[in-house]
There are 2 protein chains.
Amino acid sequence: MDDRAPVRQPSLSSQIVDILVDKIRKGKFPPDCPLPPENQLASEYDVSRTTIRGAFDRLEAMGLITRRQGVGTFVRRTSNISNPLNKFVDFYCLIRDNGFEPGYRQISARLIVPPDEIRQDLQLEKDQLVLEIHKVFLADNTPIIYCTNWLPEWVFQDFFSPEEILLPGVIEPNFTEFFEIKCRQPLKYFISDVRSDVLKNCPIPENILEMEPLTPVLIINEIGFNEQDRPVIQSIEYHPGNRMKFQLIRLG
Amino acid sequence: MDDRAPVRQPSLSSQIVDILVDKIRKGKFPPDCPLPPENQLASEYDVSRTTIRGAFDRLEAMGLITRRQGVGTFVRRTSNISNPLNKFVDFYCLIRDNGFEPGYRQISARLIVPPDEIRQDLQLEKDQLVLEIHKVFLADNTPIIYCTNWLPEWVFQDFFSPEEILLPGVIEPNFTEFFEIKCRQPLKYFISDVRSDVLKNCPIPENILEMEPLTPVLIINEIGFNEQDRPVIQSIEYHPGNRMKFQLIRLG
DNA sequence: TAGTGGTCTAGACCACCAC
DNA sequence: TGGTGGTCTAGACCACTAC
């Protein structure tokens with residue numbers, strides 16, 4: 001089997017997005033600053049205005065810019081904070097991007113027959129196994145996320161032996177890369193639901209987090225899908241004590 | 001002053017969105033069903049393929065459809081549930097759309113000098129007043145949302161007297177309509193942050209909700225902006241007991 | 001190979017805003 | 001009035017999937 005992944009040129013629109021994100025993050029376009037007009041950017045990068053507008057659409061959805069008809073396109077004042085709930089990001093990167101020293105500990109990993117609910121969510125047949133992983137992420141050596149993943153065996157069995165897959169460091173710390181590159185199953189989207197609870201009601205081993213049993217916890221339960229809309233992972237994330245800010249742009 | 005609002009034809013793209021949402025909701029295109037190809041829809045509705053694709057972009061962001069290159073566009077299996085966190089919806093409609101009998105009670109309303117934090121969030125000068133409203137939404141006569149709003153006086157003072165604005169039924173139950181039609185300040189987007197806590201830590205009068213002090217609460221704190229990106233409302237919503245499902249699509 | 005969605009273009013016209 | 005973003009078109013080519 002040829003192991004080379006096909007190298008594909010990102011779309012012009014994506015390249016424009018990357019360029020502009022970079023310029024905004026580096027302060028070349030500070031908050032409240034008007035971006036150059038669409039037509040100017042189009043000729044500057046030698047693409048059509050449609051392509052620029054496509055890039056702007058995505059920057060707007062990311063919350064980086066806002067557009068005013070007849071006036072211009074502006075960098076949003078709040079653009080630098082943001083831990084966007086509407087986008088999926090590796091926790092490891094997330095923690096680092098928020099200015100903390102990221103850490104990762106795998107609590108356990110095993111191949112199991114899944115509980116019925118997980119089996120249904122992952123659309124599996126009765127005899128299919130899943131990998132269950134419990135793990136913790138740290139920020140400056142303090143645990144801030146407890147997380148359980150379930151991965152169907154079919155996702156990884158062509159690329160990893162049952163022993164290999166159990167090792168820490170195989171899936172994390174680059175979760176999305178594990179799926180995209182190592183398993184050839186890029187994650188297309190997650191369907192998540194968000195709820196609230198207290199720590200003592202969460203199935204987390206007591207000695208892991210060392211927090212008050214009544215600490216409030218934000219819980220995100222999500223199913224991730226591949227390009228063919230087949231579920232490839234279920235994940236429950238416990239965020240105790242509101243140490244992270246979850247931000248979100250809601251449109252009318 | 002002329003009180004007629006300008007009647008504007010919604011864009012072709014929006015009309016296509018409405019048509020398709022309607023057909024999906026009514027089961028004309030059931031879950032997993034392929035939608036007609038883009039070219040076919042384009043000629044069917046006598047618009048360009050670009051226009052159809054614009055509509056599909058929005059349906060995809062709403063989580064109603066998913067697209068597979070080389071295969072087709074499909075109605076998502078989970079399309080009917082959804083209480084989308086990434087979209088702003090009137091609570092009254094939300095409760096009704098989830099199959100409950102909606103109710104609304106205004107606890108209090110008064111014009112005040114805002115606390116510093118609110119004043120800053122709403123970008124107000126020292127001497128400007130805000131309307132502070134406490135309210136509760138009911139589903140089948142049970143309180144399920146406690147909510148506090150702060151509205152700058154400049155938003156409504158041209159359209160309501162200081163006495164009128166305090167009356168219940170002026171702002172709710174159609175929140176978005178109040179802003180868009182009564183105040184000529186359509187809401188463009190909200191910046192929200194989501195966190196978790198327990199009821200006893202929330203500034204909610206005890207006799208209102210009648211729940212355990214340790215009930216987990218999902219808290220959404222958000223600032224709403226008008227078309228000119230000026231903040232026109234701050235709102236804190238307390239959702240106790242996870243009676244509502246908050247769903248979300250997260251993209252890579 | 002035929003048909004699908006993904007990207008891109010060049011150009012047009014409109015609505016809105018500031019001057 | 002000129003410049004901005006918002007919408008739309010007709011057509012082209014590509015990448016991917018199924019057969």
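Letters A, B, ... mirror the listed sequences (proteins, then strands); counts begin at 1. Predicted, not measured: the structure shown is a model, and the values here were computed from it.
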(message) Rounding to an integer number of Å, can you tell me how far A/Arg53 CZ sits from D/dG5 P?
(response) 8 Å
(request) Check whether any side-chain nitrogen or oxygen of A/Arg67 sits under 4.0 Å from OP1 or OP2 of D/dG6, and answer yes or no. (result) yes
(request) Write down the distance between CD1 (A/Ile52) and P (D/dG5), rounded to a whole number of angstrom. (result) 11 Å
(message) Is it true that, when you exclude A/Lys28 itself, more than 12 heavy atoms of the residues, nucleotides or ligands shown sit nearer than 6.0 Å to its NZ?
(response) no
(message) What is the distance, to the nearest angstrom, from the CD atom on A/Glu38 to the C1' atom on D/dG6?
(response) 8 Å
(request) Check the pair A/Phe159, A/Phe178 against ring pair (Phe, Tyr, Trp, His ring centres under 6.0 Å), reporting the backbone distance first and the verdict last. (result) CA-CA 11 Å; A/Phe159 308 98; A/Phe178 167 78; 9.1 Å; no
(message) Please compare B/Gln40 and B/Gln228 by the position of their nearest nucleotide in DNA chain C and report the one closer to 5'.
(response) B/Gln40
(request) Grab the CZ-P distance between B/Phe74 and C/dG3 for me, whole Å please. (result) 16 Å
(message) Give the dot-bracket line for DNA chain C from 5' end to 3' end: parentheses for intra-strand Watson-Crick or G-U pairs under 3.5 Å, square brackets for crossings, | for inter-strand pairing, dots for unpaired.
(response) ||||||||||||||||||.
(message) Rounded to whole Å, how long is the line connecting atom CZ of B/Arg68 with atom P of C/dT4?
(response) 15 Å
(request) Compare every heavy atom of A/Ile133 with every heavy atom of A/Ala109, then report the nearest pair and how far apart it is. (result) CB-CG1, 4.2 Å
(message) Here's a test of your reading of the structure: between A/Gly70 and B/Val71, which maps to the more 5' nucleotide of DNA chain C?
(response) B/Val71
(message) Assess whether a salt bridge exists between B/Arg119 and B/Asp116, defined as any Lys/Arg side-chain N lying under 4.0 Å from an Asp/Glu carboxylate O.
(response) yes
(request) Specify the separation, in whole Å, of atom CZ of A/Phe56 and atom C1' of D/dT7. (result) 17 Å
(request) For B/Glu227 and D/dG6, give me the distance from atom CD to atom C1', rounded to whole Å. (result) 12 Å
(request) Go through the side-chain N and O atoms of A/Trp150 and A/Glu132 and say whether any donor and acceptor fall under 3.5 Å apart. (result) yes
Listing time: all N or O pairs from protein to nucleotides 8-11 of chain C that are below 3.5 Å?
unit_1	atom_1	unit_2	atom_2	d
C/dC8	OP1	A/Leu12	N	2.3
C/dC8	OP2	A/Ser13	N	3.3
C/dT9	OP2	A/Ser48	N	2.7
C/dT9	OP2	A/Ser48	OG	2.8
C/dT9	OP2	A/Thr51	OG1	2.4
C/dA10	N6	A/Thr50	OG1	3.4

(request) State which residues pass side chain to side chain donor-acceptor pair (under 3.5 Å) with A/Asp158; sequence neighbours excluded, sorted by chain then number. (result) none
(request) Run the salt-bridge test on A/Lys182 and A/Glu177 with the 4.0 Å N-O cut-off and return the result as yes or no. (result) no
(request) From the options B/Val21, B/Ile19, B/Leu20, select the one residue that forms a side-chain contact (heavy atoms from CB on, under 4.5 Å) with B/Val17. (result) B/Val21
(request) Could you check how far CD of A/Glu60 sits from C1' of D/dG6, rounded to whole Å? (result) 11 Å
(message) Salt bridge check, A/Arg68 against B/Glu227: does any charged N sit closer than 4.0 Å to a carboxylate O?
(response) no
